[in-house]
Amino acid sequence: MGDDVRMAERLLRWLAFVALAVSLAAFLSVDRVEGWPNPDAPSYVQLADRLAGADGYSVDIEGEPEGSRYPPGFPMLLALLSPVADASTATLLLAGVFVVVVWASAWKAGGPVAAAVAVLMLALYLPRHPFSGAVMADVTGALFVVLPLLSLQHGRHRLAGVLAGFCAWVKLLNVVVGGGLPRRSVPPFLAVVAGLVATKVLWGWGYRGTDASWALSHLWSTDGLVSSGQTFPNVIVYPLMVLGLHASITAPLAVLLAGWAVWRRPERRFALVTSAGVLAVCLPYFFQADRFLFPIAALIAIYAGAGVADLIGRRSLTHVVRPELEPGTGLPVQ
């Protein structure tokens, strides 16, 4: 029995690593999109180049100054990677890190079965997204939502707070992850977010134009709840996206599995509050796009994988396959 168990363990681990390799290949082989969408992607490239050259934090797209709607986190990461990769390559490398972190978080939640299912789900949906090869902060923003979760799973609460705080540096909307943090994570989270506010006041982080700014009136409005310039309003479309009934970032069955599995785990507050928070801030947002929900798609993938592992576990396999034990002895059945 012991040899069978060890063989099953090795097989599941091997399959998980194969799934990781397949998913990484899917993400890293997407076609790169240069200069689109405009002005977002060209702005990120310019901001990263100027940060790397210690030339300030400003952009000039087609001769017109571009408003500072972009927080500095993503350009900073691109600038840090600039000695080894251009902006497009750096974006794909960060996408690769995202896949690995989702894989690691799913493994922690449900073992190798969960890890394999989670990254294969990502590979099925996200690399086919129109923005998958663009220099945009959406996948990196999702990365810095999953990183705090992984830290919480390992009991690193203060590190989780720091990483959650950096979410706001990468994507302002993702500041809502702070609502799901345990008490010990809140002080470092607030410190990192306060650092963003303080440096914005001191250094500006770009132009202070009226067309595009960090002002709440630019990011959120009641118009988004009604129409957002689209066929259906945000209040209808975004919940359908989360449920996998609109766009193509997840699937309805995955949502059901994820909801069942996350409720059985200690980090459920972070996952559920984060998902609800991301959805809530998108409803009145001035623009409509499924890429804003990448953090929720990642969490669904992680816990859908854990749900599959739980279902398999009900048939005598868990994330670490265990032998049948003798009642009252705790010893394996011979």
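Note that the structure is a prediction, hence the values are computed from the model and not measured. Here, residue 1 is the first one in the sequence, and each next residue gets the next number.
Side-chain contact check for L47 versus Y70: some heavy-atom pair is nearer than 4.5 Å. The shortest side-chain heavy-atom distance between W107 and P112 falls under the 4.5 Å cut-off. The shortest distance between side-chain heavy atoms of P71 and V170 does not fall below 4.5 Å. Considering only heavy atoms from C-beta on, P37 comes within 4.5 Å of D40 through its side chain. By the 4.5 Å heavy-atom criterion applied to side chains, F294 and F98 are not counted as neighbours. Counting only heavy atoms from C-beta outward, the side chains of V175 and F189 approach each other to under 4.5 Å. Side chains of F270 and P182 form no contact here, defined as non-hydrogen atoms less than 4.5 Å apart. The side-chain heavy atoms of V242 and L293, taken from C-beta on, include a pair separated by under 4.5 Å.
The distance from atom CZ of R265 to atom NZ of K108, rounded to the nearest 0.5 Å, is 12.0 Å. Within the model, atoms CD1 of I296 and CD1 of I249 stand 7.5 Å from one another, a figure rounded to the nearest 0.5 Å. Note that the CE atom of M121 and the CD1 atom of I302 stand 10.5 Å from one another [nearest 0.5 Å]. In this structure, CG in D31 is found 10.0 Å from CG in L92, a value given to the nearest 0.5 Å. Rounded to the nearest 0.5 Å, atoms CG (L283) and CD1 (I236) are 11.0 Å apart. With rounding to the nearest 0.5 angstrom, the CD atom of E9 is 11.0 Å from the CG atom of L11.
In this structure, L28 is not a member of the same hydrophobic cluster as L124, with clusters built from ILVMFWY side-chain heavy atoms closer than 4.5 Å. Residues L15 and L20 do not share a hydrophobic cluster, clusters being chains of Ile/Leu/Val/Met/Phe/Trp/Tyr side chains in contact below 4.5 Å. Linking ILVMFWY side-chain heavy atoms closer than 4.5 Å, directly or via other members, places V22 and L122 in two distinct hydrophobic clusters. In the hydrophobic clustering of this structure, V33 does not group with V30; members are Ile, Leu, Val, Met, Phe, Trp, Tyr whose side-chain heavy atoms approach within less than 4.5 Å, directly or through other members. V186 and V273 fall into different hydrophobic clusters, defined by Ile, Leu, Val, Met, Phe, Trp and Tyr side-chain heavy atoms under 4.5 Å apart, directly or through other members.
Within 6.0 Å of atom CZ in R268, more than 12 heavy atoms from other residues, nucleotides or ligands are found, so the atom counts as buried in its surroundings.
Side-chain atoms of T91 come within 3.5 Å of backbone N or O of A87 as a donor-acceptor pair. At least one donor-acceptor pair closer than 3.5 Å links the side chain of S29 to the backbone N or O of A25. Judged purely by atom type and a 3.5 angstrom limit, D55 has no side-chain atom pairing as donor or acceptor with the backbone of R50. Looking at T199, its side chain does come within 3.5 Å of a backbone N or O of L196 through a donor-acceptor pair. Using a distance-only test at 3.5 Å, with no hydrogens or angles considered, a donor-acceptor pair links the side chain of N234 to the main chain of Y285. A donor-acceptor contact shorter than 3.5 Å is absent between the side chain of Q288 and the backbone of V237. Of the possible donor and acceptor atoms, one in the side chain of R269 sits under 3.5 Å from a partner among the backbone N and O of L181. A distance-only check finds a donor-acceptor pair linking the side chain of Y238 to the backbone of A289 [under 3.5 Å].
When every heavy atom of L163 is checked against every heavy atom of S151, the shortest pair comes out as CD1-OG, 3.3 Å. Minimum interatomic distance between A26 and P127 (heavy atoms only, all atoms of both residues): O-CB, 3.8 Å. Counting all heavy atoms, side chain and backbone alike, G110 lies closest to A309 at O-CB, 3.3 Å. The shortest non-hydrogen separation linking L93 to A85 is CD1-CB, 4.1 Å. Among all heavy-atom pairs drawn from A261 and D310, the shortest one is CB-OD2, 4.1 Å. The two residues A301 and A118 make their nearest non-hydrogen contact at O-CB, 3.3 Å.
Remark: of the listed residues L299, L245, V255, L126, V255 is the sole one forming a side chain to side chain contact (heavy atoms under 4.5 Å, CB included) with T250.
Both tests hold for R264 against W260: distance to the six-membered ring centre under 6.0 Å, angle to the ring axis within 45°.
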| Criterion side chain to side chain contact (heavy atoms under 4.5 Å, CB included) on W263 and L272, from CA distance to verdict | CA-CA 9 Å; W263 197 254; L272 294 173; 3.5 Å; yes
| task | List the steps, then state whether side chain to side chain contact (heavy atoms under 4.5 Å, CB included) holds for L149 with V177. | result | CA-CA 10 Å; L149 170 62; V177 303; over 6 Å; no
| Could you walk me through whether S105 and Q153 pass the side chain to side chain contact (heavy atoms under 4.5 Å, CB included) check? | CA-CA 8 Å; S105 179; Q153 289 173 315; 2.9 Å; yes
| field | Trace of the side chain to side chain contact (heavy atoms under 4.5 Å, CB included) decision for L152 with S185 | value | CA-CA 9 Å; L152 290 176; S185 302; 3.9 Å; yes
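When ring centroids are compared, W103 and F17 come within the 6.0 Å threshold. In this structure, the ring of W169 has its center no less than 6.0 angstrom from the ring center of F74.
At a cut-off of 3.5 Å, with distance as the only test, a side-chain donor of T89 or R32 sits close to an acceptor on the other residue. Side-chain atoms of Y303 and E267 form a donor-acceptor pair, as typed in the model, at a separation below 3.5 Å. Side-chain atoms of D290 and H129 form a donor-acceptor pair, as typed in the model, at a separation below 3.5 Å.
With sequence neighbours excluded, the residues satisfying side-chain hydrogen bond (donor to acceptor under 3.5 Å, both in side chains) with R184 are H157.
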